[in-house]
Every structure is written in structure tokens, then in C-alpha cells.
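Residue numbers start at 1 and run along the sequence shown. As the structure is a prediction and not an experimental result, all values here were calculated from the model.
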Amino acid sequence: MKVSLLALPLIAVAAAGCSGPGSAKALSASDVPVPVQAITVSQTDTPITIPVLGAITSQSHASLGSELDGRVVSLLVKEGDHVKAGQVLIQLTSDDAQARLDAARGGYETAFQAADSDTRIAGAKLNQAKLNFATTQDRLSSDVTLATAKLGEAQANYDRLKRGARPEEIESADADVAGVQLLVQGDQSTVDFEKRTLKRKADLYAEGGISLNEVDQEQLNYDHAVQAVQQAQAQLRSKQLLAKLLKEGTPKEEMAAVAAQVSAAKEGLRAAKANLASLDDARQAVAVAQADFDRSSGKLKQLQAGGKASDEGAKVQLAQEDLQRTQIRTPMEGVVASIKVGKGQVVKSGQTVAEVVSKGGLRMEATALDQDVNQIHAGMAVRITLHSDPGRTFYGIVDNILAPSNESRTPRILISLPNASGLTAGSVANGDVVTSTNHKVVSVPVDATFGQVDTVADVFVVEGNLVHQRPVQLGSKKGGSVQVVSGLMAGDLVVVKPAKGLHDGSKVSVSAGVRS
């Protein structure tokens with residue numbers, strides 16, 4: 001406000017003569033001017049505001065809670081620290097979680113070793129079953145082939161004997177006998193060789209040098225060699241009989257014997273074909289062994305896959321997750337706004353232990369008196385001061401007004417902060433929401449009203465070299481000034497700090513220290 005300085009002349013008393021007693025008259029106390037400071041009242045535009053109280057918050061924040069019961073072992077950060085996403089803030093006791101993890105890993109390792117052993121055994125059994133099936137199939141197929149050949153040979157012998165022998169047939173029969181004799185000799189040599197080989201492999205197996213499968217295979221080779229000798233010997237007897245019959249003629253009893261050989265050969269072929277049905281047992285054994293192998297190898301693959309593919313893997317993963325939960329991490333980069341627990345404190349699952357806010361995107365969340373909330377609307381300007389730094393002023397804009405909720409029983413006023421430089425989330429702040437502006441408002445310092453801010457007060461107005469006490473009606477107080485609703489007008493000179501003894505009609509002199 002502008003100030004007018006009044007240079008009031010001092011009242012001088014003329015002295016008549018300078019010598020002699022009684023040459024000057026003493027001035028009375030009422031004639032001495034009282035020095036005062038005064039200001040000239042002017043009209044200003046004064047904003048009408050509504051006070052609000054709240055805190056600076058982050059539009060992006062995270063409340064970190066414990067996911068399990070535990071005791072705080074260490075606090076790795078303090079309030080105000082800058083943290084990165086994923087950083088551990090609080091460490092809870094981990095002994096129980098580590099013990100569960102160790103036990104789960106032990107169970108997993110045991111299950112893995114068992115599954116691996118079962119798979120190896122099942123694989124060996126499957127291979128043996130497949131080998132048995134192949135061997136049985138070869139043997140039975142060979143039996144059918146031999147039985148078919150024996151029947152054909154017996155039938156041919158019978159047919160030749162029935163029609164009688166020719167010289168060339170007798171010569172061919174002798175040649176057949178000689179050939180089969182050589183065959184018998186060769187097959188017998190094979191039997192002798194396989195017998196020696198079987199004994200040698202049996203001895204090696206007894207010493208642990210070879211597997212039982214190799215011994216079983218050699219036994220099959222030996223049995224086939226013996227069977228081949230027997231079949232060759234039978235064939236030799238048949239050839240010899242045929243040659244004899246061709247040379248001597250065929251008596252009826254011999255013909256009957258050959259006919260019996262044909263019948264026996266037919267029965268042998270039927271029996272060989274019937275034996276093929278035994279392949280079903282060998283085939284079923286392969287299927288059972290395959291199912292056992294698939295089951296054990298499937299379990300092994302589940303364990304090898306890790307994670308929750310197997311029950312044991314799931315237990316390990318859950319135990320690992322429990323151990324990780326003993327480390328409370330922040331999901332976002334920002335500043336630690338609060339630590340709500342202390343070292344050694346026991347926390348419960350779901351309990352909030354810390355809060356982290358992002359560095360950018362600050363706003364003020366405030367409340368106002370119920371009777372004032374309806375006067376506040378989005379878009380209104382707000383002057384903000386901090387409790388921790390009342391000398392600085394920040395500015396914001398009302399962004400939204402949230403209705404009461406279960407979490408907040410009063411409406412929340414959200415104030416955006418276009419320039420949040422110098423503000424920190426968590427700071428307590430006062431705000432003045434500018435709802436309107438009073439135009440041409442007269443106001444005076446509170447000191448001018450003797451410190452009174454009631455509805456009615458008195459002020460001293462300087463007129464000439466005198467002051468007059470004047471009652472005024474007061475309005476709202478703002479800082480060190482109070483609004484004057486009536487009793488003053490622009491241009492009035494008002495005493496700022498009335499001195500003691502000042503009264504209506506006192507003479508005054510306005511000092512040079514007038515406030516502007």
C-alpha cells in the first residue's frame with residue numbers, strides 16, 4: 001500500500017528575551033505532539049480462500065506387505081532412500097523357509113534317483129521282452145518252415161514208393177542219403193561247438209564277465225543246433241528208408257510206415273502252427289514292459305523338467321517362493337516414504353511394512369471442513385505451504401474431489417502440482433483454495449486495531465495534526481492484515497501502532513518511519 005508522509009510543523013514557542021527568569025512559558029502536556037506511524041488506506045483486490053490440510057503424495061506408490069509371518073532380521077534401507085525396482089528393503093527370518101527348502105530338495109533328489117533307477121530297470125526289462133519276442137518269433141517261424149518241408153518230403157516219399165522206383169530214382173536216393181549224412185555230421189559239429197561256447201559263457205557269467213542275456217542267447221543257439229541235428233537225423237533215417245524201399249520194393253507194412261510218417265508230418269505242421277499262438281504271450285509281455293518303462297520314464301521326465309511338472313518339483317518351487325518372500329522387495333523405482341516396522345519386530349502375513357513412492361507425478365491429497373467442501377470445485381487455484389518450510393509457497397490446481405469411502409470418511413480433495421520441484425512425498429502441507437476475489441477491499445494492519453480481530457474494533461485516523469478514534473467493522477484476517485468492511489475509506493490515514501495514552505483528539509506528529 002502506498003504511504004503518505006505528513007510533515008507536520010512543530011509548534012514553536014517564541015521567547016521574548018533571553019535573559020532573566022520567567023522569560024519562557026512552559027508548554028502543557030496536551031500541547032506536545034505524540035509521534036506516531038501511519039499508513040494511507042487504499043483499496044485492493046483480495047482473494048477469498050478456504051483453508052485445507054493434507055499431505056504431498058505420489059500418484060504412483062506401492063504399499064509393501066509381508067506375505068508370511070516372521071521376524072524382522074534387518075532393515076536394508078531408511079526413509080528417504082532412493083531404491084530401484086526389485087531391491088530388497090527388509091529381510092525377515094528365513095531359517096524355517098530354508099529348512100523347508102532343504103527338505104523339499106532332498107525329497108526331490110530321492111525321487112529323481114528312484115525314477116532314474118526304475119527307468120533303467122524298466123528299460124532293461126523292455127529290451128529283454130523284445131528280445132524274447134523276436135527269438136520266439138524266429139523259432140516258431142522256423143518250426144513251421146521245417147514242419148512244412150518235412151510234410152512235403154514225407155508226402156513225396158510216399159508218392160514215389162507207391163508208384164515204384166526207377167533206376168534214376170534209386171541213384172538219387174543214394175545221393176540224398178549221402179548228402180543228409182554230411183548234413184548230420186555238420187550239424188553235429190555245430191552242436192559240439194555251441195556246447196563248448198555255452199559252457200564258456202556260463203563260466204564267464206559266473207565270474208561276472210558277461211550278462212545273463214548273453215548266456216540265455218547262447219542257450220537258444222545250442223538248443224537250435226541240437227534240434228537241427230535231430231531233424232537231420234530223422235531226415236537221414238527217412239532217406240535211408242526210402243533208398244532201401246526203392247531198392248527192395250515196398251512191402252505193405254513199409255508203405256504203412258511211410259504213410260504214418262506223412263500223418264506225423266501233418267500233425268507236426270499243425271502243432272507248429274498252433275504254437276504261433278504262444279507269440280501272444282510274448283507280445284503281451286512286451287506291452288507290459290513298455291507300459292512300465294513309459295510310466296517310470298514319464299516320471300523321470302517330469303522331474304527333469306523342474307518347476308511344478310512333478311509333485312516333488314512343486315514342493316521345491318513353493319519352498320523357494322516362501323524363502324523369497326522373506327525378502328521384501330520394491331516392485332518399482334522410487335523413494336522410501338515410510339518404514340513401518342523395526343528390527344526384531346514380529347510381522348503377520350498381510351501386514352504393511354513399508355511404502356515406496358515414485359519421484360515424479362506428485363500431488364496433494366487434502367481435506368476441508370464439511371461446510372466448506374461444497375464451495376471447492378475443480379480448476380480452482382491453491383496456494384500451498386509446507387509445515388517443514390513455511391517460508392516457501394507452491395501453487396497447485398484442484399483436480400478432483402472424491403466422495404467419502406470406506407477408507408476415508410471425509411471427501412478427499414486432489415490437487416495437482418504442475419511444478420513439484422522442491423516437494424517430497426509424505427510432507428505435511430497447508431493449502432488455501434482461492435474460491436473468488438473481493439474487489440476494492442479496504443484492509444489495515446492488525447496492529448492498527450490494537451490486535452483485535454473481532455467483528456468491531458477501534459482505529460485512530462489522523463486528521464490534520466489530530467487523531468480521532470473511529471469504530472470500524474472487521475472482516476476476515478489474512479496474515480498480518482484484517483479486512484475493514486465499514487468505517488474507513490481509501491485515502492484515510494490510519495495510525496499503525498497506537499501509543500499508550502493516545503486518545504480521541506490527541507495531537508500527533510507522523511514520524512518518518514511510516515510503513516508502506
Problem - N/O donor-acceptor pair under 3.5 Å between Ser117 side chain and Ala114 backbone - result: no
Practice task
Search all heavy atoms of Val226 against all heavy atoms of Val191 and return the closest pair with its distance.
Solution key: N-CG2, 3.6 Å
Handout entry: Check: Thr197 side chain, Phe193 main-chain N or O, donor-acceptor pair, under 3.5 Å
Key = yes
Practice task
Check for a donor-acceptor pair, side chain of Ser338 on one end and backbone N or O of Lys340 on the other, with a separation under 3.5 Å.
Solution key: no
Practice task
Check salt bridge (Lys or Arg N to Asp or Glu O under 4.0 Å) between Asp174 and all other residues, then give those that pass, not counting sequence neighbours.
Solution key: Lys247
Handout entry: Shortest non-hydrogen contact from Ala115 toward Leu303
Key = CB-CD1, 3.8 Å
Exercise for the section: Would you indicate whether the side-chain heavy atoms of Gln240 and Gln181 approach each other to under 4.5 Å? Expected result: yes
Exercise for the section: Evaluate the criterion side chain to side chain contact (heavy atoms under 4.5 Å, CB included) for residue pair Phe394 and Met364; output intermediate values, then yes/no. Expected result: CA-CA 11 Å; Phe394 302 88; Met364 180 178 176; over 6 Å; no
Handout entry: Pair Lys299 + Glu312: basic N to acidic O under 4.0 Å
Key = yes
Exercise for the section: Would you confirm whether Tyr395, through its side chain, and Ala381, through its main-chain N or O, come within 3.5 Å as a donor-acceptor pair? Expected result: no
Handout entry: Derivation of the side chain to side chain contact (heavy atoms under 4.5 Å, CB included) call for Val77 and Val83
Key = CA-CA 8 Å; Val77 296; Val83 292; 4.0 Å; yes
Handout entry: Shortest non-hydrogen contact between Leu76 and Val88, atoms and distance
Key = CD1-CG1, 3.5 Å
Problem - Sub-4.5 Å side-chain heavy-atom contact between Val428 and Leu53 - result: yes
Handout entry: From Asp322, Val316, Leu318, residue fulfilling side-chain contact (heavy atoms from CB on, under 4.5 Å) relative to Leu101
Key = Val316
Problem - Heavy-atom pair with the smallest gap, counting every atom of Val341 and Leu75 - result: O-CD1, 3.8 Å
Problem - Worked verdict on Val353 versus Ile339 for side chain to side chain contact (heavy atoms under 4.5 Å, CB included) - result: CA-CA 6 Å; Val353 296; Ile339 300 292; over 6 Å; no
Exercise for the section: Over all heavy atoms of both residues, which pair between Pro411 and Ile401 is shortest? Give the atoms and the distance, please. Expected result: CB-CG2, 4.4 Å
Exercise for the section: Step by step, work out the salt bridge (Lys or Arg N to Asp or Glu O under 4.0 Å) result for Asp203 and Lys199. Expected result: CA-CA 6 Å; Asp203 292 341; Lys199 183 178 183 308; 3.3 Å; yes
Problem - Ser416 side chain to Ile397 backbone, donor-acceptor under 3.5 Å - result: yes
Practice task
Any chance you could measure Lys125, atom NZ, to Ser296, atom OG, to the nearest 0.5 Å?
Solution key: 10.0 Å
Practice task
Return the set of residues passing salt bridge (Lys or Arg N to Asp or Glu O under 4.0 Å) with Glu267 (not counting sequence neighbours), or none when no residue passes.
Solution key: Arg270
Practice task
Hey, could you give me each pair passing side-chain hydrogen bond (donor to acceptor under 3.5 Å, both in side chains) that has a residue in residues 373-391? Not counting sequence neighbours.
Solution key: His387-Asn430
Practice task
May I ask you to decide if Gly350's main-chain N or O and Ser66's side chain share a donor-acceptor pair within less than 3.5 Å?
Solution key: no
Practice task
Give a yes or no on this: more than 12 heavy atoms of other residues, nucleotides or ligands lie within 6.0 Å of atom CD of Glu171.
Solution key: no
Practice task
Using modelled atom types only, decide if a donor and an acceptor are shared between the side chain of Thr330 and the backbone of Gly86 within a distance under 3.5 Å.
Solution key: no
Problem - Carboxylate-amine/guanidinium contact Lys315 Asp311, below 4.0 Å - result: no
Completion exercise
CD1 of Ile384 to CG of Asp432, rounded to nearest 0.5 Å, is 9.5 Å
Practice task
Could you tell me whether a side-chain N or O of Gln351 sits under 3.5 Å from a main-chain N or O of Gly65, the two making a donor and an acceptor?
Solution key: no
Exercise for the section: Look up atom CD1 in Ile90 and atom CD in Gln327, then write down how far apart they are to the nearest 0.5 Å. Expected result: 12.0 Å
Handout entry: salt bridge (Lys or Arg N to Asp or Glu O under 4.0 Å) involving Lys84 - partner list, sequence neighbours excluded
Key = none
Practice task
Determine whether Val288 and Asp292 make a side-chain contact, defined as any pair of heavy atoms from C-beta on separated by less than 4.5 Å.
Solution key: yes
Exercise for the section: For atom OH of Tyr205, decide whether the heavy atoms of other residues, nucleotides or ligands shown that lie under 6.0 angstrom number more than 12. Expected result: no
Exercise for the section: Report the C-alpha separation of Thr93 and Thr326 in whole Å, then their side-chain angles, then the decisive distance to 0.1 Å, and conclude whether the side chain to side chain contact (heavy atoms under 4.5 Å, CB included) test is met. Expected result: CA-CA 6 Å; Thr93 49; Thr326 64; over 6 Å; no
Exercise for the section: Might you work through the side-chain hydrogen bond (donor to acceptor under 3.5 Å, both in side chains) test for Gln113 and Glu109, ending with a clear yes or no? Expected result: CA-CA 6 Å; Gln113 292 177 354; Glu109 185 62 28; 3.2 Å; yes
Problem - Pair Asp81 + Lys78, salt bridge at N-O below 4.0 Å - result: yes
Problem - Lys/Arg-Asp/Glu bridge criterion (N-O < 4.0 Å) met for Glu365, Arg363 - result: yes
Exercise for the section: Calculate, to the nearest 0.5 Å, the distance between atoms CG and OG belonging to Leu386 and Ser427 respectively. Expected result: 5.5 Å
Practice task
Determine yes or no for a side-chain-to-main-chain donor-acceptor pair under 3.5 angstrom, with Arg100 supplying the side chain and Ala319 the backbone.
Solution key: no
Practice task
Working to the nearest 0.5 Å, report the span between CD of Gln87 and CZ of Arg329.
Solution key: 9.5 Å
Problem - Side-chain ion pair, Asp280 and Arg283, N-O less than 4.0 Å - result: yes
Exercise for the section: State, without any angle test, whether Ser238 and Asn157 hold a side-chain donor-acceptor pair at a distance under 3.5 Å. Expected result: yes
Handout entry: Which residues share a side-chain hydrogen bond (donor to acceptor under 3.5 Å, both in side chains) with Gln235, sequence neighbours left out
Key = none
Handout entry: Heavy-atom side-chain proximity of Gln320 to Arg105 below 4.5 angstrom
Key = yes
Handout entry: Cationic N near anionic O, under 4.0 Å, Asp192 to Arg196
Key = no
Practice task
May I ask you to check whether Glu333 and His82 show a side-chain donor-acceptor distance below 3.5 Å?
Solution key: yes
Practice task
Could you tell me whether a side-chain N or O of Asn127 sits under 3.5 Å from a main-chain N or O of Gly123, the two making a donor and an acceptor?
Solution key: yes
Which donor-acceptor pairs under 3.5 Å do the side chains of residues 130-153 make with protein atoms, sequence neighbours left out?
unit_1 : atom_1 : unit_2 : atom_2 : d
Asn132 : OD1    : Gln128 : NE2    : 2.8
Asn132 : ND2    : Gln128 : O      : 3.4
Thr135 : OG1    : Leu131 : O      : 2.9
Thr136 : OG1    : Asn132 : O      : 2.8
Ser141 : OG     : Gln137 : O      : 2.8
Asp143 : OD1    : Gln227 : NE2    : 3.3
Thr145 : OG1    : Ser141 : O      : 3.0
Thr148 : OG1    : Val144 : O      : 2.7
Glu153 : OE2    : Lys239 : NZ     : 3.2

Practice task
May I ask you to test the Val434-Ile48 pair for a side-chain heavy-atom distance under 4.5 Å?
Solution key: no
Practice task
Any chance you could measure Lys201, atom NZ, to Asp216, atom CG, to the nearest 0.5 Å?
Solution key: 11.0 Å
Fill in the blank from the handout: Heavy atoms of Gly313 and Tyr108 approach each other most closely as N-CD1, 4.0 Å
